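Only this structure's heavy atoms are used, side chains among them; waters, hydrogens and symmetry mates stay out. Bear in mind that the values here come from a model prediction, so they are computed numbers and not experimental data.
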Amino acid sequence: MAVPNERRRKWKRVLSGRLREHALEATYAIAENLPERRVKDVSLCQGKAGLAIFYAYLAETRSGCGDEKTGLQFLHQAADAVARQRMSP
């Protein structure tokens with residue numbers, strides 16, 4: 001789930017200093033509570049696929065917090081749900 005180096009170079013911070021610290025604290029607090037919620041939707045917009053992406057990016061900002069593992073769990077849950085859906089040809 002790591003982001004290739006060429007993509008990292010394009011990323012520009014929009015916050016700095018104390019404001020950045022507050023935003024990261026809020027993001028980390030949200031991230032710690034999300035896995036406990038029962039998310040039924042598997043969509044990218046409001047569901048497990050979107051949470052997988054959120055945790056993948058979060059894993060790029062910090063290590064040792066299990067974000068990559070959590071992201072992979074949400075990704076697998078979303079993929080399993082899609083695999084169970086009947087689709088027309």
> Kindly compute the distance separating OG (S43) from NZ (K40), expressed to the nearest 0.5 Å.
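The distance works out to 14.5 Å.
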> Can you name the nearest heavy-atom pair linking D67 to Y55, along with the distance?
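Closest pair (atom of D67, atom of Y55, distance): O-CB, 3.4 Å.
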> Say you draw a straight line from OG1 of T70 to CG of L75; how long is it, rounded to the nearest 0.5 Å?
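CG of L75 is found 12.5 Å from OG1 of T70.
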> If hydrophobic clusters are built from ILVMFWY residues whose side chains come within less than 4.5 Å, do L34 and L24 share one?
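L34 and L24: one cluster.
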> For the OG1 atom of T27 and the CG atom of L58, what is their distance to the nearest 0.5 Å?
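One gets 7.5 Å once the value is rounded to the nearest 0.5 Å.
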> Drop me the distance from Y28's OH to T61's OG1, to the nearest 0.5 angstrom.
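The distance works out to 3.5 Å.
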> Which pair of heavy atoms, one from D41 and one from Q46, lies closest together, and at what distance?
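Between these two residues, the closest heavy atoms are OD2-CB, 3.7 Å.
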> What's the shortest heavy-atom distance between K48 and A78, and which atoms?
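Residues K48 and A78, closest heavy atoms: CB-CB, 4.0 Å.
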> Taking all non-hydrogen atoms of both residues, which atom of G71 and which atom of A52 are closest, and how far apart?
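That would be O-CB, 3.4 Å.
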> If every non-hydrogen atom of F74 is compared with every non-hydrogen atom of P35, which pair is closest and at what distance?
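Nearest pair, atom of F74 first, then P35: CZ-CA, 4.1 Å.
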> In terms of hydrophobic clustering (I, L, V, M, F, W, Y; side-chain heavy atoms under 4.5 Å; direct or indirect links), are V14 and L19 co-clustered?
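Yes, V14 and L19 fall within the same hydrophobic cluster.
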> For the hydrophobic clusters of this structure (ILVMFWY residues joined by side-chain heavy atoms under 4.5 Å, transitively), does one cluster hold both V39 and I30?
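Yes, one cluster joins them.
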> So, taking the atom named NE2 in H76 and the one named CG in D80, what distance separates them when rounded to the nearest 0.5 Å?
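Here the rounded value is 8.5 Å.
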